[in-house]
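One-based numbering, in listed order, for ligands and for the atoms of each. Numbering of residues begins at 1 and proceeds along the displayed sequence.
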Amino acid sequence: MEDIFFAPSELIINEDGSIFHLHLKPQNLADKVILVGDPGRVALVASHFDGVECEVNNREFRTITGKYKNKRITVLSTGIGCDNIDIVVNELDALANIDFETRKEKAELRQLTLVRIGTCGGLQESTPIGTYIASEKSIGFDGLLNYYANREKLDTEFEEEFKKQVEWKPALGNPYVANADKELLDQIAQDDMVRGVTIACGGFFGPQGRRLRVPLADPHLNEKIVKFEYKGHQCTNFEMESSALAGLAQHMGHKALTCCMVIANRLQKEANAGYKNTIDGLIKKVLERI
Ligand code: R1P
Ligand code: URA
């Protein structure tokens, strides 16, 4: 624990005592947290709760804390992208581990369990639309963890092998690899989920190899990603938040995992735009197992 005073410009607290973006107060946060991208998915998760304790909304961050079968759970939306994960995970950690009166770190770590329930694009024939994928490893194309210390504690061996096999172009920035918490992975990813390597991208189109009107810097990157194989691991899916979540949680001492439902398969060139009706199956599994 470091004895640092977090100045008002570094840790912004609103006049009502809530944290800047999430508008949550420390007492609003449960130890078990479900993160979803879509603010509309928060009500879907909370529809399974036996009771609701508080509901807070600001920008794309919608939060409900309640009870599911005697487990106190907070569900909150992050919106799209790793930039929002930086905000959400730092603010959740501050709510748990910084004393808002003294603006100093608390003496003992309060460990959070963070499970993201999202949607993704499948990359293999074994990941058709409807598959649930738990991200055992996440490769971050988003650059976020390059700004934090302790990068060497991430999975640099896997990173080097990935860059070699896909002939990574340095102009794309340095990808990093973050692993899910092993215990949480075993708890949540049972036989009905594929354990995979997820690529978290800084965009939905170009960064995921979707070419509409503007040509891509490396039009063959996705073919190389699909072929990549290392120690039995293959890249299974694309989404936009898992690496930032896994990496930040590891640095902060929290447990984190991302589970996504495939809504588009890039090999089969198919998509299910009506997925909102079917993601409830994944939500129920996570609520039971968290
Ligand atoms: C893109 O459509 C969004 O969907 C996926 C991506 O990660 C990105 O946030 O996740 P969510 O469905 O959780 O938003
Ligand atoms: N989310 C993504 O980021 N990519 C997809 O292809 C589908 C959902």
Side-chain angles (χ1 to χ4, degrees), residues 33-46 59-64 74-89 114-135 137-144 175 178 180 188 193-194 196-212 216 221-223 225-226 235-248 256-283 285-287:
V33 184
I34 293 179
L35 306 165
V36 296
D38 180 357
R41 208 174 296 149
V42 171
L44 188 57
V45 174
R59 297 181 180 236
E60 58 268 65
F61 310 114
R62 190 170 292 175
T63 306
I64 298 179
T74 293
V75 53
L76 95 100
S77 56
T78 64
I80 288 181
C82 95
D83 45 354
N84 281 359
I85 294 294
D86 185 56
I87 289 172
V88 169
V89 176
L114 308 164
V115 179
R116 170 174 141 71
I117 303 177
T119 61
C120 67
L123 287 172
Q124 303 288 343
E125 272 173 27
S126 57
T127 59
I129 290 171
T131 308
Y132 300 150
I133 301 178
S135 307
K137 293 178 181 293
S138 292
I139 306 181
F141 284 8
D142 52 67
L144 184 76
I188 305 263
M193 293 186 198
V194 169
V197 178
T198 300
I199 299 190
C201 297
F204 184 82
F205 290 95
Q208 296 186 23
R210 285 189 171 91
R211 186 225 196 269
L212 296 188
L216 303 173
L221 183 58
N222 275 12
E223 292 156 34
I225 286 171
V226 170
C235 296
T236 45
N237 57 325
F238 274 135
E239 50 83 85
M240 297 174 63
E241 294 85 10
S242 61
S243 54
L245 175 63
L248 279 179
L257 174 69
T258 289
C259 300
C260 287
M261 185 176 81
V262 176
I263 61 149
N265 186 285
R266 304 297 300 286
L267 280 186
Q268 291 152 351
K269 305 218 179 294
E270 288 170 351
N272 169 20
Y275 72 88
K276 289 193 182 183
N277 302 326
T278 51
I279 199 162
D280 206 36
L282 179 56
I283 290 171
K285 287 184 195 299
V286 172
L287 281 170

[atom1]/[X] to [atom2]/[Y] distance, rounded to the nearest 0.5 angstrom?
X: Thr131; Y: Asn265; atom1: OG1; atom2: CG; result: 8.0 Å
X: Gln268; Y: Thr127; atom1: CD; atom2: OG1; result: 7.5 Å
X: Glu239; Y: Leu245; atom1: CD; atom2: CG; result: 9.0 Å
X: Asn237; Y: Cys260; atom1: CG; atom2: SG; result: 6.0 Å

What are the atoms of ligand 1, with element, lying closer than 4.0 Å to any heavy atom of [X]?
X: Arg41; value: 11 (P), 12 (O), 13 (O)
X: Arg116; value: 5 (C), 7 (O), 10 (O), 11 (P), 13 (O)
X: Gly118; value: 13 (O)
X: Glu239; value: 7 (O)

Residue and atom name of the nearest protein heavy atom (relative to atom 9 (O) of ligand 1), distance in Å to one decimal: Glu241 OE2, 2.6 Å

For atom 14 (O) of ligand 1, the protein heavy atom that lies nearest, with its residue and separation: Gly37 CA, 3.5 Å

Member of Val197, Leu282, Thr236 meeting the side chain to side chain contact (heavy atoms under 4.5 Å, CB included) criterion with Ile133: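 Considering Val197, Leu282, Thr236, a side chain to side chain contact (heavy atoms under 4.5 Å, CB included) with Ile133 is found only for Thr236.
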
Residue from Asp142, Thr78, Ile80 passing side chain to side chain contact (heavy atoms under 4.5 Å, CB included) with Ile85: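 Only match with Ile85 under side chain to side chain contact (heavy atoms under 4.5 Å, CB included): Thr78.
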
Tyr275 N/O under 3.5 Å from ligand 1 N/O: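 For ligand 1, there is no N or O atom that lies under 3.5 Å from one belonging to Tyr275.
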
Any N/O pair Met240/ligand 1 closer than 3.5 Å: yes

Can you tell me if [X] uses its side chain to pair, donor with acceptor, with the backbone of [Y] under 3.5 Å?
X: Ser77; Y: Glu60; result: yes
X: Arg41; Y: Ile117; result: yes
X: Thr198; Y: Ser138; result: no
X: Arg266; Y: Gln208; result: yes

Contact table, ligand 2 N/O with protein N/O, distance under 3.5 Å:
unit_1   : atom_1 : unit_2 : atom_2 : d
ligand 2 : 3 (O)  : Gln208 : NE2    : 2.9
ligand 2 : 4 (N)  : Gln208 : OE1    : 2.9
ligand 2 : 6 (O)  : Arg210 : NH1    : 3.4
ligand 2 : 6 (O)  : Arg210 : NH2    : 2.6

